[in-house]
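Values reported hereafter were calculated over all heavy atoms of this structure, with side chains retained and with hydrogens, waters and symmetry mates removed.
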Amino acid sequence: MSTYQAIFPTPVAKLGIRCDAQGLLGLEYLSLDVAELAATNAIAQQVCTQLEQYLHDPDTPFNVPLQLLGTAHQQKVWRALLAIPCGQTRNYGDLAHELGSAAQAVGQACGANPIALIVPCHRVVGKNGLGGFMRHANGETLDIKRWLLAHEGVR
């Protein structure tokens, strides 16, 4: 199991928070059975505070420093995800067209997103349905995506 600087509870999963003194490195969705862990550093505490605010009001913006490590294409997709407003979605194809990419490549970058929720890959959906989430096309991970979208007011 990875080393976390906090484990934060949500209604659908626990979030394992990985960060260092410079910023957030990753959020991992964990089982609800995993024990919570209080923040062990200032960045982790900031992430927990902002997640708590998001759970109370999904329009609350995140401004925690991010350390997004990935390819140039992934970075471009992740920046585009950050521009999708709360309560709205984009489909893979439209986002790909805007970025001069392919829908499958956008989906792969979404699946590789190390900070899902704060970098809102859940706001990218298929042309005719929900699409995938965290490299899964069904099961509990899609339940998390459904919950996040409903929490943000997407119908």
Side-chain angles (χ1 to χ4, degrees), residues 1-8 10-20 22-32 34 43-44 46-48 50-51 53-55 57-155:
M1 185 176 232
S2 298
T3 302
Y4 301 109
Q5 285 65 55
I7 298 178
F8 182 85
T10 75
V12 291
K14 299 275 177 71
L15 293 175
I17 298 167
R18 290 185 301 104
C19 54
D20 61 19
Q22 285 71 50
L24 180 61
L25 295 161
L27 281 182
E28 296 177 29
Y29 287 86
L30 308 172
S31 166
L32 287 168
V34 172
I43 296 291
Q46 186 179 3
V47 172
C48 289
Q50 290 182 20
L51 287 169
Q53 292 168 344
Y54 169 82
L55 290 176
D57 178 4
D59 286 321
T60 302
F62 289 101
N63 61 9
V64 63
L66 306 177
Q67 292 196 63
L68 287 166
L69 307 175
T71 67
H73 181 262
Q74 289 170 334
Q75 296 276 339
K76 183 168 65 169
V77 171
W78 298 337
R79 282 190 301 273
L81 298 178
L82 288 166
I84 302 171
C86 179
Q88 296 182 25
T89 61
R90 304 284 300 280
N91 74 52
Y92 295 100
D94 289 344
L95 193 55
H97 180 74
E98 179 181 307
L99 297 174
S101 183
Q104 184 177 15
V106 168
Q108 289 171 345
C110 288
N113 175 9
I115 307 176
L117 192 150
I118 292 176
V119 177
C121 55
H122 60 278
R123 295 179 188 158
V124 182
V125 297
K127 193 174 209 172
N128 297 311
L130 195 57
F133 187 57
M134 300 185 310
R135 295 188 171 133
H136 292 88
N138 56 37
E140 291 179 10
T141 55
L142 283 189
D143 292 340
I144 293 170
K145 183 173 184 171
R146 282 185 195 92
W147 187 90
L148 291 168
L149 291 172
H151 178 64
E152 295 181 357
V154 174
R155 303 282 176 244

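Within the 4.5 Å cutoff, no side-chain heavy atoms of Asp143 are placed close to those of Val12. Looking only at side-chain heavy atoms (C-beta outward), Val125 and Lys145 come within less than 4.5 Å of each other. In this structure, Leu66 and Trp78 have side chains that are not in contact, with every pair of non-hydrogen atoms separated by 4.5 Å or more.
Residues in residues 80-89 take part in no salt bridge (charged side-chain N to carboxylate O under 4.0 Å, His left out) pair, two or more places apart or across chains. The salt bridge (charged side-chain N to carboxylate O under 4.0 Å, His left out) contacts involving residues 92-119 comprise Arg90-Glu98, where partners must be two or more places apart or lie in separate chains. Sorted by first then second residue, the salt bridge (charged side-chain N to carboxylate O under 4.0 Å, His left out) pairs that include residues 101-111, not counting sequence neighbours, number zero.
Every ring pair (Phe, Tyr, Trp, His ring centres under 6.0 Å) that Tyr54 has, sequence neighbours left out, goes to Phe62, His151. For Gln67, the side-chain hydrogen bond (donor to acceptor under 3.5 Å, both in side chains) criterion is met by Asp20, not counting sequence neighbours. Remark: His73 engages Thr71, Lys76, Val77, Ser101, Ala105, Ala109 in a side-chain contact (heavy atoms from CB on, under 4.5 Å) (not counting sequence neighbours). Legend: residues meeting side-chain hydrogen bond (donor to acceptor under 3.5 Å, both in side chains) with Gln75, ordered by chain and number and at least two apart, are absent. In this structure Ala6 satisfies the side-chain contact (heavy atoms from CB on, under 4.5 Å) test together with Ile17, Ala39, Ala44, Cys48, sequence neighbours excluded. For Gln53, the side-chain contact (heavy atoms from CB on, under 4.5 Å) test picks out Thr49, Gln50, Thr60, with sequence neighbours left out. Applying the side-chain contact (heavy atoms from CB on, under 4.5 Å) test to Asp59 and every residue at least two apart in sequence or in another chain returns Asp57, Cys86.
Here the closest non-hydrogen pair linking Ala13 and Ile144 is CB-CD1, 4.3 Å. Here the closest heavy-atom approach between residue Leu24 and residue Cys19 is recorded as CA-CB, 3.8 Å. The heavy-atom pair separating Pro120 from Leu81 by the smallest distance is CG-O, 3.2 Å. Minimum interatomic distance between Leu32 and Thr10 (heavy atoms only, all atoms of both residues): CD2-O, 3.6 Å. Taking each heavy atom of Ile115 and Leu25 in turn, the nearest pair found is CG1-O, 3.8 Å. In terms of heavy atoms, Asn113 sits closest to Cys121 at ND2-SG, 3.3 Å.
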